[in-house]
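Quick caveat, the model's predicted, so the values are computed rather than measured.
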Amino acid sequence: MNSGSCSPYKSDENTIVILLATCNGAPFLAQQLDSILAQSCDNWFLIIRDDGSFDSTLEIINSYCNDHPQKMKLLTDDAGTLGPCGNFGRIMEFSRAGYTMFCDQDDVWLPTKIERTFALMQEMETLYGADTPLLVHTGLKVVDNELNPLEGAFLNSPQSSSSDPLLARLLIQNSVTGCTVMINRKLQELALPVPGEARMHDWWLALVAGAFGRIRFTAEQTVLYRQHGGNESGAIPLRYLSALSRFLDPRRSSTVLAGRRDFFSILERQAGAFLTRYS
């Protein structure tokens with residue numbers, strides 16, 4: 001990408017807004033913020049909303065916002081504690097940028113993440129037009145606390161970088177990881193507000209894009225996706241695949257079957273909210 005396509009912030013219509021939802025993220029937050037500040041592309045602004053932290057998360061955020069007021073701000077409201085999905089949904093309502101990205105508090109962004117993701121979005125807009133709801137997402141590298149690669153872990157990423165996932169598949173399996181996502185303004189307007197029945201914000205965005213727009217994936221890794229035991233969602237060790245297979249086996253015990261019913265109940269509520277919203 002040439003430097004002209006990644007120029008400094010001039011207006012909300014042309015900039016990339018990054019949304020960061022935090023909650024007790026002090027151990028890794030500074031490293032994440034530093035990785036954003038080190039991006040090769042400077043055409044971004046970071047909006048942060050904290051969801052009731054009781055560690056030093058707010059102190060870290062305020063320090064960075066004071067040092068970089070032209071690049072980030074802390075959103076304050078009276079909405080209370082909303083949980084990860086609600087927190088991201090709330091921040092989205094305060095952003096009217098041309099493009100939006102989503103940031104977890106405990107990852108590390110590789111230096112060209114914004115630049116490479118934005119280039120893919122520009123390709124999509126050239127193909128389908130800016131009035132089409134668009135979502136692009138990238139590969140990632142699963143790492144441990146110390147950023148060492150974790151072998152034998154995978155995410156529900158699509159196998160093809162050229163085709164959209166089927167809506168029927170998206171209804172039962174989320175193949176989009178929020179920290180790798182960029183959406184355009186059209187998708188954001190169509191997806192808001194994120195309903196309380198949504199399992200996660202990224203899943204809801206994928207459903208809306210899958211039904212009314214386009215989704216594009218590239219396997220290029222743009223983020224170090226940290227797994228530390230406290231993640232709201234995360235990578236799945238390969239050794240759990242056989243356990244998942246047994247979980248879905250209709251011959252299993254009543255306890256397993258009850259868990260499966262709960263799992264599909266969550267999917268049903270989300271699908272029902274989608275049907276109600278978009279008929």
Spell out, as yes or no, whether a donor-acceptor pair under 3.5 Å connects the side chain of [X] to the backbone of [Y].
X: Ser95; Y: Met92; answer: no
X: Asp51; Y: Gly83; answer: yes
X: Trp109; Y: Leu224; answer: no
X: Asn184; Y: Met121; answer: no
X: Asp104; Y: Asp106; answer: no
X: Glu125; Y: Ala130; answer: no

Point to revise | side chain to side chain contact (heavy atoms under 4.5 Å, CB included) assessment of Leu46 paired with Ile48 | key: CA-CA 6 Å; Leu46 178 66; Ile48 309 167; 3.9 Å; yes

Counting only pairs under 3.5 Å, give me each side-chain donor-acceptor contact of residues 271-279, with atom names and distances, residues two or more places apart or in other chains.
unit_1, atom_1, unit_2, atom_2, d
Thr276, OG1, Gly272, O, 2.9
Arg277, NH1, Ala191, O, 3.3
Arg277, NH1, Pro193, O, 3.2
Arg277, NH2, Pro193, O, 2.4
Tyr278, OH, Leu190, O, 2.7

Review point. Can you tell me how far CG of Asp262 sits from CD1 of Ile266, rounded to the nearest 0.5 angstrom?
Key: 7.0 Å

Review point. What is the distance from atom CD1 of Ile114 to atom CD of Gln39, rounded to the nearest 0.5 Å?
Key: 4.0 Å

Exercise for review: Using a strict cut-off of less than 4.0 Å between a Lys/Arg side-chain nitrogen and an Asp/Glu carboxylate oxygen, indicate whether Asp77 and Arg49 qualify as a salt bridge.
Suggested key: yes

Point to revise | Closest approach of Ala198 to Cys85 (non-hydrogen atoms, all atoms of both residues) | key: O-SG, 3.8 Å

Point to revise | Pairing residues for Glu189 by the side-chain hydrogen bond (donor to acceptor under 3.5 Å, both in side chains) criterion, not counting sequence neighbours | key: Arg185

Review point. What residues form a side-chain hydrogen bond (donor to acceptor under 3.5 Å, both in side chains) with Glu268, not counting sequence neighbours?
Key: none

May I ask you to check whether [X] and [Y] show a side-chain donor-acceptor distance below 3.5 Å?
X: Gln105; Y: Thr22; result: no
X: Arg226; Y: Gln31; result: yes
X: Gln188; Y: Thr100; result: yes
X: Asp50; Y: Ser53; result: yes

Exercise for review: Assess whether side-chain hydrogen bond (donor to acceptor under 3.5 Å, both in side chains) is satisfied between Glu220 and Thr138, documenting all intermediate values.
Suggested key: CA-CA 6 Å; Glu220 180 178 353; Thr138 72; over 6 Å; no

Practice item. Quick one: sort the His201 and Phe88 rings into parallel, tilted or perpendicular, breaks at 30° and 60°. Key: parallel

Review point. Asp34 and Tyr64: side-chain hydrogen bond (donor to acceptor under 3.5 Å, both in side chains), yes or no, with the steps?
Key: CA-CA 9 Å; Asp34 287 340; Tyr64 274 80; 2.8 Å; yes

Exercise for review: Show your working on side-chain hydrogen bond (donor to acceptor under 3.5 Å, both in side chains) between Ser35 and Gln32 and close with a plain yes or no.
Suggested key: CA-CA 5 Å; Ser35 74; Gln32 172 66 294; 2.9 Å; yes

